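All remarks here apply to the structure that follows.
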Amino acid sequence: MASDEEMEGAVTWLKKFCTDNTDRYEKEENPLRVVAYYVASQEIMGACMNWAASYLHKLECPLNFALVLSYHIAKEVELLDSSQNFTQHDTDQGSQTVAAEVARCVFNKVHQVCCRWHAAPELPYFVKEYMLDDHKIFAGACADQNRRKKMEDRHICIPNLNNLLQLEGKRVSYHAVYDGHGGIDAVQYTLQHLHLNIAKSTHYLLEPARAIEEGFILTDKNFVQKANRENLRSGTTSVVIMITSTHLHVGWVGDSQAILARNSTHIDIMTPHKPDREDEKKRIEDLGGCVVWFGAWRVNGTLSVSRAIGDASHKPYVSGQPDVKSLLLDGTEDFVVIACDGLWDVIPPWEAVELVVDYVKDFGVDADATAKHLVTQAVDRGSQDNVTVIIVFFEDGPLVTSCRPQKEEESAIFPIPIAVSPEARAILERLDRSVRGAQESPEPAAKPPPDQVIRECEVRHVTADRYPNTSRDPHVRVRAGQCP
C-alpha cells in the first residue's frame, strides 16, 4: 500500500542516488546482466523495464518507485530510432537489435532520468499518481532457491497495471509466478513480456479474461520463434491473477497454482495442467504423443507438465494455450496465495490457507512475513524445488478486518461479559467512562446517586476478583452481601 512515507522514501533515495553517482555512469562498465544476444522491436519495452528494475532493486530503490521509474526509462529507450542508435542483425523474422547495446542505453538512462527528476522542483505527476493510489489490496512475496543448483522461478507484483502503463480504466492489479525449467530463457522472457502483451490486447479494458488468454498465446508464440531462431530449449509454467474492483481473473499454464480464501476457508479456483489429467492425456494422445510414468507422469517421457510457455521442441504436445477463469468478488475474500509447485508438492491448498490464517491471527497482518512463513514451511517439510510464494490480502476482507487493532476510543478498560443483565451492562459502561475521565483529567468523577447500587445477583460474572481495578474506584463497591 502506497503512502506519504513511500513518497518521502522515494525522494530520499533519489537524492542519495544522484549525490553518489554524479557523472560516473558514462565511465562505468555496464552492470546489467543480459541473457539474450538480440532483442526484436516488440521486445525492447519489456526487456528495458526488466533491466532497469533489476538494477534499481540492487540499489535498494523503493519497490513502487522502481516500477514507475523503470517504465519511463524503458519508454524513453523505446522511442529511440533503433536503426540509428543500435547495431542491427537481419533474420528471417526481421531486424534484431544487439541486446548488450540496448542494455547499456538503459543503464545510462537510469542515471539521466534520476538526475532529471531530482533536479525538478517536485516529482512528475504520474509518479505521485501511481504511488499514492488508494489500493484496496496489498501483497507480499518470498522466493527461495532451496536445494536446486539454479533459481529458475520468477515473480512479479504490480499494484496498478493501468496506472503504471498510463492506460485508461479502473485499477487492475497484476500478480504472477513463473516456474522455469530447462534454463532461464523462457521464464525471463515471460517475466518481461506477459503483462505487457496482456495489456496490449484490444479486449484488455472490457474483457480482461480474454486479454489474459491472448497475452499468453502471443507470449508463447513470440518465444517459440525466438527459441527456434536461437536454439533455446527452456519453458516455464505461469499463473497470473488480475484483480479489479469487482472481479478476480486467473490464467495459467502448467502446475503453478493460485488459491482463494473466503471467510478463512479454501476455495479452488483452478486445476493445474498435469499429464495425468484425463482431458490432458486425451489431448496429447490425440495429437500422436504419449503420457508415460517415469518417476512421475510425463509427456513423451520427458516433461511433467502438459502446458507451458516455450518448450519449442515439445510442441504441440505441450501446449501454450492457457485456461482462464473469472470470479465475482462478494466481499468475503480474505487473500489469494500464488505459488509454484515447490510449495504445492508438500503443502495442500487447504492447509496453506490454515497456515496463513493461523499466522495472521498470531502475529498480525504482514504480507511479506506470511509469504516467508509458507516458504519456510515448504522447505522444512522436504521440498526439493525452488519455492516462490505471493500472498495478496484484501484490505477490507474479514480476516484483515478482524485482525486490525481496535481504535483507542473503542477499546474497553473493563470488557463486558456477554451474559450480563442490561442494568449491570449500563453500570459497567458508566464505570468505564468514569475511569477514562479520571485518566484524561485530574478532576474527580461525579459521585453517582445513592440509588445506583449493583445487586449481587446482577453482577455474579463481574466480581472484584475478575476486575480488581473496580475496588480502586471510590464511588463503586462490588462486594458480596452489599445488596439492600
Side-chain angles (χ1 to χ4, degrees), residues 40-47 49-50 67-68 71 74-75 78 126 129-130 133 135-137 139 154-178 186 189-226 236-254 256-258 260 269-273 283 307-310 315-316 319-330 333 336 338 390 392:
S41 59
Q42 72 270 16
E43 299 169 352
I44 287 180
M45 186 65 186
M49 280 189 69
N50 180 251
L67 282 172
V68 69
Y71 171 75
K75 199 68 179 175
E78 186 185 43
F126 48 77
E129 192 176 63
Y130 179 76
D133 187 23
H135 306 313
K136 291 299 182 182
I137 62 172
R154 298 291 187 272
H155 67 277
I156 186 171
C157 300
I158 302 178
N160 191 336
L161 186 59
N162 284 357
N163 205 329
L164 177 65
L165 303 181
Q166 296 188 309
L167 301 174
E168 295 180 355
K170 297 180 180 179
R171 182 184 59 79
V172 178
S173 69
Y174 181 96
H175 301 83
V177 168
Y178 313 120
Y189 189 94
T190 304
L191 173 70
Q192 294 175 358
H193 301 290
L194 180 54
H195 58 290
L196 297 178
N197 288 338
I198 291 171
K200 287 177 185 176
S201 169
T202 56
H203 303 285
Y204 173 68
L205 294 178
L206 298 178
E207 299 179 77
R210 187 171 176 183
I212 290 173
E213 181 179 10
E214 292 181 352
F216 268 86
I217 293 171
L218 179 59
T219 303
D220 181 55
K221 174 186 173 183
N222 289 346
F223 181 74
V224 168
Q225 289 179 350
K226 183 182 182 70
T236 183
T237 69
S238 307
V239 57
V240 168
I241 66 162
M242 290 170 50
I243 302 175
T244 68
S245 58
T246 58
H247 287 80
L248 183 152
H249 307 281
V250 56
W252 71 98
V253 291
S256 294
Q257 292 186 60
L260 173 66
I269 59 176
M270 57 168 284
T271 304
H273 298 126
R283 177 185 64 80
R307 301 195 192 190
I309 291 174
K315 300 296 186 192
S319 172
Q321 175 73 39
D323 278 337
V324 181
K325 190 173 182 180
S326 297
L327 292 88
L328 182 66
L329 301 178
D330 61 14
E333 293 80 15
V336 179
I338 317 163
I390 298 174
V392 184

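Please read all numbers here as calculations on a predicted model, not as lab measurements. Along the sequence shown, residues are numbered consecutively beginning with 1.
Between the side chains of S256 and T237, a donor-acceptor pair is found at a separation under 3.5 Å. For the residue pair Q166 / Y71, no side-chain donor-acceptor distance below 3.5 Å is found, with atom types taken as modelled.
Taking the charged nitrogens against the carboxylate oxygens, R210 and E213 have no contact shorter than 4.0 Å, which rules out a salt bridge.
Between D220 and the options R307, K315, Q225, Q321, a side chain to side chain donor-acceptor pair (under 3.5 Å) holds for only K315.
Nearest heavy-atom pair across V253 and G320 is CG1-O, 3.9 Å. Between E43 and H193, the shortest heavy-atom contact is O-CE1, 3.0 Å. In plain terms, the two heavy atoms of N162 and E168 that are nearest each other are ND2-O, 3.5 Å. T190 and S238 get closest at one heavy-atom pair: CG2-OG, 3.7 Å. For S245 against L329, the heavy-atom pair with the smallest separation is O-CD1, 4.2 Å. Of all the heavy atoms in L167 and A199, the pair that sits closest is CD1-CB, 4.1 Å.
Using a 4.5 Å heavy-atom threshold, the side chains of E333 and L327 count as separate. Here the side chains of V240 and F216 are in contact, with some heavy-atom distance below 4.5 Å. Using a 4.5 Å heavy-atom threshold, the side chains of H195 and L161 count as touching. Proximity of M45 to K75: side-chain heavy atoms (C-beta onward) are separated by under 4.5 Å at one or more points. Looking at heavy atoms from C-beta onward, H249 lies in side-chain contact with T244 at the 4.5 angstrom threshold. In this structure, the side chains of L194 and Y174 come closer than 4.5 Å at one or more pairs of heavy atoms. The closest side-chain heavy-atom distance from I269 to L248 is below 4.5 Å. No side-chain heavy atom of W252 sits less than 4.5 Å from a side-chain heavy atom of Q257.
Note that CG of L191 is 5.0 Å distant from CG of N50, once rounded to the nearest 0.5 Å. Of the inter-residue distances, the one linking M242 atom CE with Y204 atom OH reads 4.5 Å to the nearest 0.5 angstrom. Here the straight-line distance linking atom CG of L164 with atom CZ of R171 works out to 13.5 Å at 0.5 Å rounding. We find the CD1-CD1 distance between I217 and I309 to be 10.5 Å, quoted to the nearest 0.5 Å. A distance of 13.5 Å separates OG1 of T236 from OH of Y189, quoted to the nearest 0.5 Å. One distance of note links OG of S201 with CG of L196; it measures 13.0 Å at 0.5 Å rounding.
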S173/V392 under side chain to side chain contact (heavy atoms under 4.5 Å, CB included): CA gap, chis, key distance, verdict = CA-CA 10 Å; S173 69; V392 184; 5.6 Å; no
Step-by-step side chain to side chain contact (heavy atoms under 4.5 Å, CB included) determination, H175 to V336 = CA-CA 10 Å; H175 301 83; V336 179; over 6 Å; no
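When the shell of 6.0 Å around CG of L328 is examined, it contains more than 12 heavy atoms from other residues, nucleotides or ligands.
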